[in-house]
Peer 1: 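Before anything else, here's the structure in question.
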Amino acid sequence: MAEKPIRFGIIGCAEIARKLSRAITLAPNAELSAVASRSLEKASAFAKANNFPPSAKIYGSYEELLDDPEIDAVYVPLPTSLHVKWACFIAQKKKHILLEKPVALKVAEFDKIVEVCEANGVQIMDGTMWIHNPRTHKMKEFLNDKERFGELKTMHSCFTFAGDEDFLKNDIRVKPDLDAHGALGDAGWYGIRSILWAVDYELPKTVTALPGAVLNEAGVILSCGASLQWEDGKVATFHCSFLAHLTMDITAIGAAGTLHVNDFIIPHGEKESSFTTVSKSGFNDLVTGWAAVPSQHTVMTDLPQEACMVTEFARLVGNIKANGAKPDPKWPRISRKTQLILDAVTTSIAQGSKPVEL
């Protein structure tokens, strides 16, 4: 018999939940089963607007959804300040957790979440979608190729977008009581994760915020960057901002090759995405051009990356339910490392760009 799909509930009707509702619908092993809001009317309107199936349940409180014995997993798109409370509550109900990023305000909060998840046999994964794109696996193959890429020497990651006046004044991502990390938590999370991904999740020795961070009147970061250094001499930098044109770049430079990608977080197209590589470059005889030019690689996918993420998460949950498997510790481990560096950047900014050792 085919395994039953994992039944998802969503608590909160944030904008990102629209994208995840569709992803759950597209995933072959998942089912959109319930949504909850603090207002029954809002939950009902959200379900109708996002094509929930007629069988989906509508709840006027988060607690009602979490008490539903038919819900296997919960997607949490709530503001970061609410994560520790609700993620712990969900785990205590023994429901598996797909948690929006950043996962917490501080690593100590996330440690508390993980502790409750481990005590209750709950799988947790953060909502970093691009990691699950088939292109990401192909890019990693290049980075792991000793002949074409060699040892990673340096990397730069950038995610910026220009928020309009209303965004910069009213969005939850600029409110200290909701998402206190601002651009660092929303956009910088991706830069940090991309760097960790490239170095096989090896933590750096030191993290140093770059001078010139921009904060709003409430002290929330609107733009910042940081440098990460490792014992073996690797260096990486990232920049994130709500104040500059939309950019989603990775440049990874090895001893023998270079990787470039210009849309790493959200690909230009859902079903195909590209990256460029070049190896053992040099100049022609007159130094008027390159002897080896970058080549473009295009990767096709049947599902958008957010549905790939849901599929993998649901596979893990299904294995726990059907076979008594243990939750995969890889996912909370890499979430924690991302949060640890994020915390170090905030500390370095507060200390005037002093290096912070991990």
Side-chain angles (χ1 to χ4, degrees), residues 1-79 82-83 86-87 89-101 122-134 266-267 269-271 301-323 325 327 331:
M1 289 180 61
E3 292 184 3
K4 291 182 179 180
I6 299 305
R7 298 163 296 187
F8 276 81
I10 298 175
I11 60 170
C13 299
E15 184 70 15
I16 188 65
R18 296 176 58 236
K19 188 173 185 176
L20 261 291
S21 298
R22 176 174 177 263
I24 294 165
T25 301
L26 291 173
N29 56 350
E31 183 179 281
L32 200 53
S33 297
V35 63
S37 175
R38 289 170 294 182
S39 156
L40 185 63
E41 292 76 17
K42 187 174 181 180
S44 180
F46 182 88
K48 184 177 180 180
N50 290 283
N51 301 311
F52 275 55
S55 59
K57 300 172 184 177
I58 314 299
Y59 291 112
S61 74
Y62 303 158
E63 291 88 349
E64 286 180 279
L65 186 149
L66 299 182
D67 283 335
D68 186 338
E70 296 186 346
I71 299 300
D72 302 310
V74 180
Y75 170 59
V76 184
L78 301 175
L82 299 178
H83 283 187
W86 286 104
F89 192 24
I90 294 164
Q92 288 166 352
K93 297 288 185 177
K94 300 189 184 301
K95 300 186 189 299
H96 304 277
I97 304 168
L98 185 57
L99 183 63
E100 201 44 69
K101 34 62 58 184
V122 165
Q123 180 69 59
I124 185 169
M125 177 188 286
D126 73 52
T128 308
M129 302 170 191
W130 72 271
I131 287 290
H132 302 271
N133 193 311
I266 301 174
E270 269 196 339
K271 296 297 182 73
T301 178
D302 293 330
L303 292 173
Q305 62 187 16
E306 58 272 19
C308 292
M309 176 183 71
V310 171
T311 301
E312 173 60 13
F313 177 74
R315 183 190 69 80
L316 294 172
V317 173
N319 198 24
I320 294 168
K321 287 174 59 66
N323 304 315
W331 297 106

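Keep in mind that what you see is a predicted model, and the values were worked out from it rather than measured.
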Peer 1: Would you call His83 and Leu99 a side-chain contact if the rule is heavy atoms closer than 4.5 Å?
Peer 2: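 The answer is yes; the side chains approach within 4.5 Å.
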
Peer 1: Which atom pair, heavy atoms only, marks the closest approach of Phe313 to Ala73?
Peer 2: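 Shortest heavy-atom contact: CE2-CB, 3.8 Å.
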
Peer 1: Residues two or more places apart in sequence or in another chain: which of them pass side-chain hydrogen bond (donor to acceptor under 3.5 Å, both in side chains) with Asn50?
Peer 2: none

Peer 1: Would you name the heavy atoms of Cys13 and Ala36 that are closest together and state the gap between them?
Peer 2: SG-O, 4.4 Å

Peer 1: How close do Met125 and Glu312 get, counting heavy atoms only, and between which atoms?
Peer 2: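 It is CE-CG, 4.2 Å.
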
Peer 1: Return the set of residues passing side-chain hydrogen bond (donor to acceptor under 3.5 Å, both in side chains) with Ser39 (not counting sequence neighbours), or none when no residue passes.
Peer 2: Glu41

Peer 1: Any carboxylate oxygen within less than 4.0 angstrom of a Lys/Arg side-chain nitrogen, looking at Lys271 and Asp302?
Peer 2: no

Peer 1: Backbone N or O of Ile71 within a donor-acceptor pair of the Lys95 side chain at under 3.5 Å?
Peer 2: yes

Peer 1: Not counting sequence neighbours, which residues clear side-chain hydrogen bond (donor to acceptor under 3.5 Å, both in side chains) with Tyr75? List them please.
Peer 2: Glu100

Peer 1: Specify whether His132 and Trp331 have parallel, tilted or perpendicular ring planes, treating 30° as the upper limit for parallel and 60° as the lower limit for perpendicular.
Peer 2: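 Parallel: the ring planes of His132 and Trp331 meet at under 30°.
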
Peer 1: Test: salt bridge (charged side-chain N to carboxylate O under 4.0 Å, His left out). Region: residues 44-60. Which pairs qualify, not counting sequence neighbours?
Peer 2: Lys57-Asp68, Lys57-Glu70

Peer 1: Just how far is it from atom CE of Met309 to atom CE of Met129, taken to the nearest 0.5 Å?
Peer 2: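 Here the rounded value is 4.5 Å.
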
Peer 1: Does Asn133 reach the side chain of Cys308, with side-chain heavy atoms less than 4.5 Å apart?
Peer 2: no

Peer 1: Does the pair Ser37 and Phe46 meet the rule for a side-chain contact (heavy atoms from CB on, under 4.5 Å), with working shown?
Peer 2: CA-CA 9 Å; Ser37 175; Phe46 182 88; over 6 Å; no

Peer 1: Grab the two heavy atoms, one from Ala17 and one from Ile10, that are nearest each other, plus how far apart they are.
Peer 2: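 Closest approach of Ala17 to Ile10, heavy atoms only: CB-CG2, 4.2 Å.
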
Peer 1: Quick one: CD1 on Ile320 to NZ on Lys94, what's the gap to the nearest 0.5 Å?
Peer 2: 12.0 Å

Peer 1: I'd like to know if the side chain of Asp72 and the backbone of Arg7 have a donor-acceptor N/O pair within less than 3.5 Å.
Peer 2: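 A pair under 3.5 Å: yes.
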
Peer 1: List in chain and number order the residues that pass side-chain hydrogen bond (donor to acceptor under 3.5 Å, both in side chains) with Asp126, two or more places apart in sequence or in another chain; answer none if no residue qualifies.
Peer 2: Thr128, Arg193, Ser335

Peer 1: Considering non-hydrogen atoms only, spot the tightest contact between Thr301 and Pro134 and give its length.
Peer 2: OG1-CG, 3.7 Å

Peer 1: Given side chains that start at C-beta, do those of Leu20 and Pro77 come closer than 4.5 Å, heavy atoms only?
Peer 2: no

Peer 1: At their closest point, which heavy atom of Ala34 faces which heavy atom of Ala56, and how far apart are they?
Peer 2: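 That would be N-CB, 4.5 Å.
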
Peer 1: Could you please spell out the steps behind the side-chain contact (heavy atoms from CB on, under 4.5 Å) verdict for Lys93 and Glu63?
Peer 2: CA-CA 10 Å; Lys93 297 288 185 177; Glu63 291 88 349; over 6 Å; no

Peer 1: Could you tell me whether a side-chain N or O of Ser44 sits under 3.5 Å from a main-chain N or O of Leu40, the two making a donor and an acceptor?
Peer 2: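 No, Ser44 side chain to Leu40 backbone: no donor-acceptor pair under 3.5 Å.
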
Peer 1: Are the side chains of Ile124 and Pro327 in touch, meaning some heavy atoms are under 4.5 Å apart?
Peer 2: no

Peer 1: Are Leu303 and Val310 close enough, and set up right, to give a side-chain contact (heavy atoms from CB on, under 4.5 Å), and what steps lead you there?
Peer 2: CA-CA 10 Å; Leu303 292 173; Val310 171; over 6 Å; no

Peer 1: For a 4.5 angstrom cut-off between non-hydrogen side-chain atoms, does Tyr62 reach Val74?
Peer 2: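 Side chain of Tyr62 against side chain of Val74, heavy atoms only: no contact under 4.5 Å found.
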
Peer 1: Calculate, to the nearest 0.5 Å, the distance between atoms CG and OG1 belonging to Leu32 and Thr25 respectively.
Peer 2: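 If we round to the nearest 0.5 Å, Leu32:CG and Thr25:OG1 are 4.5 Å apart.
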
Peer 1: Show every salt bridge (charged side-chain N to carboxylate O under 4.0 Å, His left out) that has at least one partner inside residues 16-35, sequence neighbours left out.
Peer 2: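 The answer is Glu15-Arg18, Arg22-Glu270, Arg22-Glu306.
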
Peer 1: Do Tyr59 and Ile11 have side chains that get closer than 4.5 Å, going by heavy atoms?
Peer 2: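 They are not in contact (no side-chain heavy atoms under 4.5 Å apart), so the answer is no.
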
Peer 1: Going through the checks in order, is the side-chain contact (heavy atoms from CB on, under 4.5 Å) test met by Asn29 and Ile6?
Peer 2: CA-CA 6 Å; Asn29 56 350; Ile6 299 305; 5.8 Å; no

